[in-house]
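If you read the sequence from its start, that first residue is 1, and numbering goes on from there. Keep in mind that this is a model prediction, so the values were computed, not measured.
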Amino acid sequence: MVAARADAAVQGIRPDAGEPADAAPPPADASPECVTGPVNLLSNAGFDTGLTPWVENSGGGFDLIVNQVDLEGLDADSGEFFAWLGGYESAADVFHQDFFLPTDATPVTVNGMAWIGSEEGTITAFDTLELELVNVASGLALETLQSWSNIDQSTGWVPFTAPVVGDYAGQTLRLRFTAALDFSNNTNFFLDTFSLDTTTCQ
């Protein structure tokens with residue numbers, strides 16, 4: 001009997017042991033891995049579902065989202081609606097949308113379409129439009145991403161790309177357009193089909 005137990009021990013088996021208990025299953029992953037991919041952080045980027053979540057503040061009291069059927073000879077870049085800043089003297093129009101920038105978002109780029117028509121010349125910048133990234137809490141501009149003026153007049157929609165240089169991951173930010181016109185000769189700034197593109201875990 002002693003020899004038999006010794007032989008069994010050599011093979012790593014206790015003759016008097018019961019069946020081994022089943023191993024406990026590994027815990028379920030409560031947070032499955034996400035997939036990293038491109039995303040547009042803006043909502044209603046083409047203005048075709050109304051104003052929300054864009055916020056407008058027109059110095060002249062005008063609606064800054066317009067339907068192409070109201071403007072003969074000017075078609076939206078996409079859909080039927082677009083933004084119209086300026087178009088009257090001494091204008092101060094502001095148009096913005098707030099968004100959250102994920103902590104892993106990189107790189108970040110604003111893309112869109114602009115059409116600028118003006119009674120001003122193309123030598124001196126009298127009327128301007130600025131695209132800024134703003135700290136929501138303080139209202140202070142963090143970066144000027146793109147600037148236009150009456151010098152940039154066009155006869156149709158022109159694409160633009162504006163990369164974000166600073167690192168603002170994990171913050172709630174504001175994408176803000178501000179048009180400023182002087183006391184004479186109108187400039188019209190038309191905007192459409194925006195995207196705030198980044199790559200993040202989804």
Side-chain angles (χ1 to χ4, degrees), residues 34-88 91-105 107-117 129-137 139 141-148 152 154 156-164 168-181 187-202:
C34 58
V35 177
T36 299
V39 62
N40 178 8
L41 298 178
L42 295 179
S43 299
N44 189 21
F47 313 114
D48 290 307
T49 59
L51 179 62
T52 305
W54 295 95
V55 177
E56 62 181 20
N57 185 0
S58 171
F62 298 100
D63 291 332
L64 300 184
I65 300 295
V66 296
N67 192 316
Q68 64 181 14
V69 300
D70 299 326
L71 290 177
E72 184 177 351
L74 200 155
D75 293 330
D77 175 68
S78 61
E80 295 184 359
F81 293 84
F82 53 89
W84 178 11
L85 285 72
Y88 58 100
D93 291 337
V94 181
F95 195 63
H96 74 259
Q97 181 178 148
D98 295 349
F99 65 95
F100 177 74
L101 187 63
T103 55
D104 64 336
V108 184
T109 305
V110 180
N111 296 289
M113 304 295 290
W115 185 343
I116 301 171
L129 174 67
E130 288 196 341
L131 169 58
E132 298 171 303
L133 199 62
V134 176
N135 180 294
V136 172
L142 302 170
E143 290 185 34
T144 298
L145 303 177
Q146 184 88 13
S147 296
W148 298 268
D152 302 303
S154 59
W157 293 105
V158 177
F160 69 88
T161 296
V164 175
Y168 311 107
Q171 299 183 40
T172 298
L173 303 169
R174 175 169 296 167
L175 193 68
R176 183 175 71 188
F177 293 86
T178 303
L181 280 72
T187 298
N188 298 287
F189 297 104
F190 303 110
L191 302 165
D192 202 1
T193 319
F194 289 124
S195 62
L196 201 162
D197 297 316
T198 189
T199 300
T200 184
C201 197
Q202 302 176 62

Indicate yes or no: at least one non-hydrogen side-chain atom of [X] is less than 4.5 angstrom from one of [Y].
X    : Y    : answer
Y168 : V108 : no
L101 : Q171 : no
L51  : E56  : yes
F95  : I65  : yes

Mutual orientation of the aromatic rings belonging to W115 and W157 [parallel < 30°, tilted 30-60°, perpendicular > 60°]
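Rings of W115 and W157: perpendicular, over 60°.
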Could you report the tightest heavy-atom contact between G86 and L181, atom names first, then the distance?
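Residues G86 and L181, closest heavy atoms: CA-CD1, 4.0 Å.
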Minimum heavy-atom separation for A169 to P102, with atom names?
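Closest approach of A169 to P102, heavy atoms only: CB-O, 3.7 Å.
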Applying side-chain hydrogen bond (donor to acceptor under 3.5 Å, both in side chains), can you list everything that pairs with [X], at least two apart in sequence or on another chain?
X    : result
T49  : N44
N67  : none
Q97  : none
D197 : N111, S195

[X] side, atom [atom1]; [Y] side, atom [atom2] - distance, nearest 0.5 Å:
X    : Y    : atom1 : atom2 : result
D152 : L129 : CG    : CG    : 9.5 Å
L142 : R174 : CG    : CZ    : 11.5 Å
E132 : Q146 : CD    : CD    : 12.0 Å

So, using ring-ring contact (aromatic ring centres under 6.0 Å, His included) as the criterion, who are the partners of F160 when residues are at least two apart?
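Result, ring-ring contact (aromatic ring centres under 6.0 Å, His included) vs F160: W148.
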Run the ring-ring contact (aromatic ring centres under 6.0 Å, His included) test against F189 and tell me which residues pass, sequence neighbours left out.
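With sequence neighbours excluded, F189 shows a ring-ring contact (aromatic ring centres under 6.0 Å, His included) to no residue whatsoever.
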Qualifying residues under side-chain contact (heavy atoms from CB on, under 4.5 Å), relative to [X], sequence neighbours excluded:
X    : answer
S147 : E130, T144
L145 : V110, L131, L133, E143, A162, V164, L175
A92  : none
F62  : S58, Y88

Salt bridge (charged side-chain N to carboxylate O under 4.0 Å, His left out) against D104, all qualifying residues, sequence neighbours excluded
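Counting only residues at least two positions away or on another chain, D104 forms no salt bridge (charged side-chain N to carboxylate O under 4.0 Å, His left out).
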Look at the side chain of N40 and the backbone N and O of L42, then say whether any donor-acceptor pair between them is shorter than 3.5 Å.
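Judged by distance alone, yes, a pair lies under 3.5 Å.
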Check: residues 77-84 side-chain donor-acceptor pairs under 3.5 Å, at least two apart:
unit_1 : atom_1 : unit_2 : atom_2 : d
D77    : OD2    : T193   : OG1    : 2.6
S78    : OG     : T193   : OG1    : 2.8
W84    : NE1    : N188   : OD1    : 2.9

